[in-house]
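The block underneath contains the structure these notes are about, expressed in structure tokens.
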Amino acid sequence: MDPTLIGVPIVVLSNNDGCVVARSSEAKALGIPMGAPFFSVRRVCEAHGIKVFSSNFSVYGDFSERVMSVLAEHARDFEPYSIDEAFLGFPDMSEADALTLGQKIRADVLKRTGIAVSIGMGATKVLCKIANERAKKEIQSGGCIVVPYDYDGRMNFLKGIGAKEIWGVGSGLAARIRSHGILSAADLAEADPAFIRRLAGVVGERIALELRGVACHEIIEDAGARKSIMVSRSFGRMVTDLRDLEEAIATHATRGAEKLREDGLVASSVVVFFGTNKHRQDQEQYRADEIEILDPPTDDARTICAAAGRALARIHRDGYWYKRAGVLLQGLSPADSVQEMLPGMGAPVDLSKRRLMKAVDALNAKLGREVVRPGSTGLVRNWQGKSEQKSEASTNKEEVTKPKSDAKKPRIRFHE
DNA sequence: TCTGGGGTCCTAGGACCC
DNA sequence: TCTGGGGTCCTAGGACCC
């Protein structure tokens, strides 16, 4: 969006301008670590002229959709995996054809979206992920790497991959297998599956098998309905007042209810949680969560706000410096399923309420996010998080959401 | 005196991912 | 001073059933 940034070191920050969550290669070369708290690298950024941006998820979501739609054209089996990753399936393809195809897809995405992608190809998802990481790092690969199909070639390829770099192997699993001498992806592929099963459970066993080329993770074309909705934020500053906490919880509950309606779902319970700053061990710590049943299940912002408020009142304690609060909606089911309820299962759905929420959604779609919202969400909201370096670049303005198409939306979600 | 066995469902907590 | 947010899956243990 801004060609003057080509070749310039750049970092992008998490919500609340908290941590570094993305770095250009120039910023990586200057030694900015992934996940660093921004305050700990601010001086380095200033000293080297590193450009710093707040996150801008409406732009990322827009470009994600563009890239995904190009990718989907290229494969019969297509699984959007995250905002910037997808799995594509090509059964029975030769090694040479795979490389040609990968390069073709990469060129097509670049041409039509301006986004450079890296592509890893192999017999299983775990092998693809390893190849993709190498394609990203090794410029001479041209952005596309195929894991050798033959045994010797594959083992040679896996020798150079540390165990911790394997998809699905976190710090815990890496430490456990390391104590048994398993240091590389090749070591894990060679290990006895029954032994790995005992050592690392089915999760570890599947990873080991995938390294051998045995697919344990299929491409999931339809992820199905989601199982929970969470909305939470850190505060821009310490919060001590119950009123501020109430406003934040009401705001998150309102957004959660909106997400329910976007997906055509209702929730049967809401969990409220909040806590102090866990990084500040010099301060008194308090964390709490509390559930409130929603009967009948609902997507109505006012009902969910009221329930969340009751839960908060039960667990709130004065005298702490709070840093974060949120809301979790659980027990999700399709909204159209609650209309036929058995006797004793609660009051029938009030259709006038549904019309009201529809009107609210229509107004906010037209006039901008949060133009119409419950008064309990507050007016001043001095607890809100920081976003001080947001780029101007926006192809779909956050304030006005795009008109909804009738096409079924792929199930990709990301935080705002 | 003696007290089964097999199964499902739910939940909390942990690990992991991006 | 300052440290993100939103998910899924697996497992163990308890409740409960027949």
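From a predicted model like this one, the values you see are computed outputs, not experimental measurements. Lettering follows sequence order; numbering is per chain, from 1.
Identified under the salt bridge (Lys or Arg N to Asp or Glu O under 4.0 Å) test for residues 66-77 of chain A, with sequence neighbours left out: D62(A)-R66(A), E73(A)-R112(A). For residues 302-331 of chain A, every residue pair satisfying the ring-ring contact (aromatic ring centres under 6.0 Å, His included) rule, not counting sequence neighbours, is listed here: F274(A)-Y322(A), Y286(A)-Y320(A). For residues 113-130 of chain A, every residue pair satisfying the salt bridge (Lys or Arg N to Asp or Glu O under 4.0 Å) rule, not counting sequence neighbours, is listed here: E79(A)-K125(A), E85(A)-K129(A). The salt bridge (Lys or Arg N to Asp or Glu O under 4.0 Å) analysis of residues 134-146 of chain A, with sequence neighbours excluded, yields the pairs E133(A)-K136(A), R134(A)-E138(A). For residues 209-252 of chain A, there are no ring-ring contact (aromatic ring centres under 6.0 Å, His included) pairs, not counting sequence neighbours.
Within the 4.0 angstrom heavy-atom criterion, only backbone atoms of the sugar-phosphate kind lie near R324(A); the bases stay farther away. Contact annotation for K323(A): backbone-only contact, meaning every heavy-atom pair under 4.0 Å involves sugar-phosphate atoms and none involves a base. Within 4.0 Å of D17(A), counting heavy atoms only, lies no atom of the nucleic acid at all.
Taking the side chain of R280(A) as heavy atoms from C-beta on, and the options dG6(C), dT1(C), dG7(C), the nearest nucleotide is dT1(C). Each of dG4(C), dT8(C), dG6(C) was ranked by its minimum atom distance to the side chain of S232(A); first place goes to dG6(C). If you check dG7(C), dC18(B), dG5(C) against the side chain of M230(A), the one that comes closest is dG7(C). Here the side chain of M238(A) is nearest to one of dG7(C), dC2(C), dC18(B), namely dC2(C). Closest contact between the side chain of C19(A) and the listed nucleotides dG5(C), dC18(B), dT3(C) involves dT3(C).
Phosphate proximity of dT3(C) to N277(A): present, with a side-chain N or O under 4.0 Å from OP1 or OP2. Between R226(A) and dG7(C), a side-chain N or O to OP1/OP2 separation shorter than 4.0 Å is present. At dC2(C), none of the side-chain N or O atoms of R237(A) fall inside 4.0 Å of OP1 or OP2 (strictly under the cut-off). In terms of phosphate contacts, K386(A) brings no side-chain nitrogen or oxygen within less than 4.0 Å of OP1 or OP2 of dG4(C). An OP1 or OP2 oxygen of dC2(C) is reached within less than 4.0 angstrom by no side-chain nitrogen or oxygen of S40(A). Between S234(A) and dG5(C), a side-chain N or O to OP1/OP2 separation shorter than 4.0 Å is present.
Separating the CG atom of N15(A) from the P atom of dT3(C) is a distance of 12 Å, rounded to the nearest angstrom. Between I83(A) atom CD1 and dG5(C) atom P there is a gap of 16 Å when expressed in whole angstrom units. Rounded to an integer number of Å, the gap from CZ of F235(A) to P of dG4(C) is 13 Å. For the pair D84(A) CG and dG5(C) P, the interatomic distance rounds to 19 Å; values are reported in whole Å. Taking atom CD of E85(A) as the reference point, atom C1' of dC16(B) lies 14 Å away to the nearest angstrom. As rounded to whole Å, 9 Å separates atom P of dT1(C) from atom CG of D282(A). For Q281(A) and dT3(C), the CD to C1' distance is 13 Å, given to the nearest whole Å. Atom-to-atom, CD1 of I229(A) to P of dG5(C) comes out at 17 Å; the value is rounded to the nearest Å.
Side-chain atoms of T377(A) never come within 3.5 Å of backbone atoms of T251(A) as a donor-acceptor pair (strictly under, hydrogens ignored). In terms of modelled atom types and a separation under 3.5 Å, the side chain of S141(A) and the main chain of G143(A) share a donor-acceptor contact.
Minimum heavy-atom separation, L173(A) to G168(A): CD2-O, 3.9 Å.
Listed in residue order, the members of residues 159-191 of chain A having a heavy atom less than 4.0 Å from DNA chain C come to none.
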Are any protein N/O atoms closer than 3.5 Å to N/O atoms in nucleotides 10-13 of chain C? If there are, list each pair with its distance.
| residue | atom | partner | partner atom | Å |
| --- | --- | --- | --- | --- |
| dC10(C) | OP1 | R206(A) | NH1 | 2.5 |
| dC10(C) | OP1 | R206(A) | NH2 | 3.3 |

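Rounded to whole Å, the C1' atom of dC16(C) lies 16 Å from the corresponding atom of dG4(B).
With sequence neighbours left out, the ring pair (Phe, Tyr, Trp, His ring centres under 6.0 Å) criterion links F39(A) to no other residue. H180(A) pairs by the ring pair (Phe, Tyr, Trp, His ring centres under 6.0 Å) definition with F195(A), not counting sequence neighbours. In terms of the ring pair (Phe, Tyr, Trp, His ring centres under 6.0 Å) criterion, residue partners of W167(A) (sequence neighbours excluded) are, by chain and number, Y81(A), F87(A). In this structure, R42(A) has no side chain to side chain donor-acceptor pair (under 3.5 Å) partners at least two apart in sequence or on a different chain.
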Note to self: If a pair means Watson-Crick or G-U wobble with both distances below 3.5 Å, what does DNA chain C look like in dot-bracket form, with | marking bases paired to a different strand?
What the structure shows: ....||||||||||||||
Next item on the list: Could you check Q285(A) against T276(A) for side-chain hydrogen bond (donor to acceptor under 3.5 Å, both in side chains), going step by step and ending with a plain yes or no?
Entry: CA-CA 6 Å; Q285(A) 297 289 311; T276(A) 48; 3.1 Å; yes
